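Everything below concerns the one structure shown next.
Just so it is clear, the structure is predicted and the values come from calculations on it, not from any experiment. Quick note on labels: first sequence line is chain A, next is B, and so on, each numbered from 1.
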Amino acid sequence: MSRLQIDSERCTGHGRCYAVAPDLFASDEFGYGQVIEHAAVDEEEVLRAVQNCPENAIVWERE
Amino acid sequence: MTDVGTPAEPVFEFNSLMQPEFSKCPWPYYKQMRDTNPVLRAGNGVTEFVFIARHEDIDRVLHAPRLFSSRPDESQSGDPLIPITFDPPEHSKWRRILDPMFSPREMAKLEDGIAQRANGLIDGFVERGECDYANEYAVPLPCLVFMQLMGFPLEEFETFVDIKERILRGGGESFQSQDPVQRQARDQIDTRIAELLDERRREPRDDLLTRLLNTEIEGRPLTHEELMGTCNLLFIAGLDTVTDSLSCFYAFLATNPVHRQRIVEDPDVIPKAVEEMLRYESPVTMVLPRLVTEETELGGCPVHAGDRIVPLLGSANNDESVVENPHVVDFDRPAMRHYAFGGGVHRCLGSHLARLELHISLREWHRRIPEYHIPDGVELKYAALLRQVEHLPLVFDKVVA
Ligand code: HEM
Ligand code: SF4
């Protein structure tokens, strides 16, 4: 299991996460990233999002 | 005798930002600065700024708004521009009402309209086999899209562009905003926006002017000054930056056929190509200078309350300590965190609109005009601060009817 989150204090709505990893993230009504509820996450896709978020707002905890 | 074999190493100085040579090819200046003088205090006897070039320092300044404030100098005239001259927590209140107006979902509704406009403009010159790219595409496309969204009358397109030019570039090579040309242009746009707001009060329409009039902040409508401050900033930001980006991109693509061909053959690469070209070109050179609120240090240099910091975005985006081979334009970079739209709380409000316009305009153009070049002997001139190629003639080598 793993936990994928967006740190809302850091996220400023660049929208890179939902552009590069649309299966994992969506935009809220303000354009800020939201994690889509999911059963399993694709590690590569998470990494792509993490590496493209300019604010380092994506938190991924592997257990 | 002077040695003509080795060109002089460019050196960044106070005036560089205002010079066309810098704007045309800023990368060597950025590199020189990062290598030798990443925190540079420089002035002209009247004003002084601290220019910063390293990604690390720029990152810090953009993310510490309490220490590096966006509030304007006392000398600044006119209604304060909203939300760019506010710090949190006031700033956040403004973004909460403005963000939904420019959200990806809201902007997606404009897609068909933008594509139609792009094709309409292309229809106007495709058969001629050449065009004046700035005047016939890069200026009208984003300006008309934006004016329609705001509710500015499209018949006044030329007047609006002319006013915007005078406000942004009328001051010549000075950093000052007190220039009479600019002052007059500001008065002109203030008057026109106030009239349009009055018209919408009487007769609401489906546009942002009307939406702003119906918006509430903390349970009350916006004051006249607040409406003006918001519309003024949107006017300036919305009418220039996408034009700048388009002209930088096409000057690059016209001279780099491999990259252009990739876009033609694989249009799905366009979103990535746009991010990479935004990173590399960084058409908007800097953010609003940040005011230091208390003694601190930046990259080991002391800075004092009252200092004005100028973060050079293009330098952060081409800093080898965070970008591998920054000088290579690679559409397939796996990791890309650029600051072309700024960063932190002031991250560009219009970024979702800008991206959509850039995606669609590249897609439609390259579908119809896959091959083009700049005629021999043309010297490109890049405007200062907002890197617009003022005159970009393109000759088409292949068009698709
Ligand atoms: C590719 C095109 C664009 C680029 C490169 C760009 C760049 C930027 C940058 C670097 C900032 C940060 C300024 C700062 O921190 O002081 C910014 C802020 C802003 N931009 Fe853009 N911009 C673009 C398009 C647009 C468009 C089309 C609009 C119109 C809606 C717009 C509206 C704004 C506004 C209102 C702000 C202030 C946001 C705030 O202070 O919270 N921009 N932009
Ligand atoms: S990329 Fe980062 S800053 Fe942008 S919306 Fe996603 S989480 Fe937020």
Side-chain angles (χ1 to χ4, degrees), chain A, chain B residues 55 58-60 62-63 65 83 88 91-108 268 270-276 278-279 313 316-317 322-324 332-356 358-359:
Chain A
M1 268 302 286
S2 62
R3 238 157 54 97
L4 182 60
Q5 278 184 309
I6 289 179
D7 179 345
S8 59
E9 289 285 300
R10 303 186 76 115
C11 171
T12 64
H14 286 260
R16 299 291 297 142
C17 55
Y18 48 84
V20 300
D23 294 339
L24 296 179
F25 303 95
S27 156
D28 69 7
E29 65 174 306
F30 299 94
Y32 292 64
Q34 272 180 327
V35 179
I36 300 174
E37 290 303 322
H38 45 260
V41 297
D42 177 54
E43 191 160 330
E44 228 174 88
E45 211 176 343
V46 174
L47 227 77
R48 189 157 66 229
V50 168
Q51 292 179 334
N52 279 278
C53 170
E55 307 291 345
N56 275 318
I58 298 170
V59 187
W60 190 36
E61 288 166 9
R62 268 185 284 190
E63 281 162 22
Chain B
H55 183 278
I58 291 174
D59 196 75
R60 171 146 173 262
L62 293 178
H63 290 97
H91 174 262
S92 331
K93 293 180 202 153
W94 288 109
R95 286 297 292 245
R96 252 195 305 282
I97 62 169
L98 293 170
D99 277 328
M101 300 183 197
F102 292 93
S103 71
R105 231 172 284 174
E106 213 42 44
M107 294 303 102
D268 290 344
I270 287 175
K272 289 200 287 180
V274 164
E275 298 308 313
E276 175 66 348
L278 280 170
R279 174 195 72 79
L313 298 174
N317 289 338
V322 289
V323 187
E324 226 174 285
D332 297 309
R333 280 182 192 279
M336 257 282 285
R337 298 178 164 126
H338 67 71
Y339 279 148
F341 288 116
V345 295
H346 290 280
R347 187 269 318 159
C348 178
L349 174 67
S351 62
H352 306 298
L353 171 62
R355 284 190 170 116
L356 187 69
L358 294 169
H359 295 170

Bottom line for A/C53: the part with an atom under 4.5 Å from chain B's heavy atoms is backbone
Among A/R48, A/H14, A/R10, the residue with the most heavy-atom pairs under 4.5 Å to chain B is A/H14
If one checks every heavy atom of B/E106 against chain A at 4.5 Å, the contacting part turns out to be neither
The interface call for B/R333 against chain A, heavy-atom contacts under 4.5 Å, is neither
Honestly, the part of B/P100 sitting under 4.5 Å from a heavy atom of chain A is both
So, the part of B/F102 with a heavy atom under 4.5 Å from chain A: the answer is neither
Test your reading of the model: is there a side-chain donor-acceptor pair from B/R347 to the backbone of A/G13, 3.5 Å cut-off?
yes
Residues B/R105 and A/E29: closest non-hydrogen pair is NH2-N, 3.8 Å
Under 3.5 Å, is there a donor-acceptor pair between the side chain of B/D99 and the main chain of A/G31?
-> no
Using modelled atom types only, decide if a donor and an acceptor are shared between the side chain of A/N52 and the backbone of B/A335 within a distance under 3.5 Å. no
Minimal heavy-atom distance between B/V345 and A/T12, with the atoms involved, is N-CG2, 4.1 Å
Scanning both residues in full, the closest heavy-atom pair of B/R337 with A/N56 reads NH2-OD1, 3.0 Å
Distance col, row B/H338:NE2 vs A/R16:CZ, nearest 0.5 angstrom, shows 6.0 Å
| Do the side chains of B/S103 and A/Y32 get nearer than 4.5 Å, heavy atoms only? | no
- Task: Check whether any side-chain heavy atom of B/H63 sits under 4.5 Å from a side-chain heavy atom of A/E55, and report yes or no.
- Result: yes
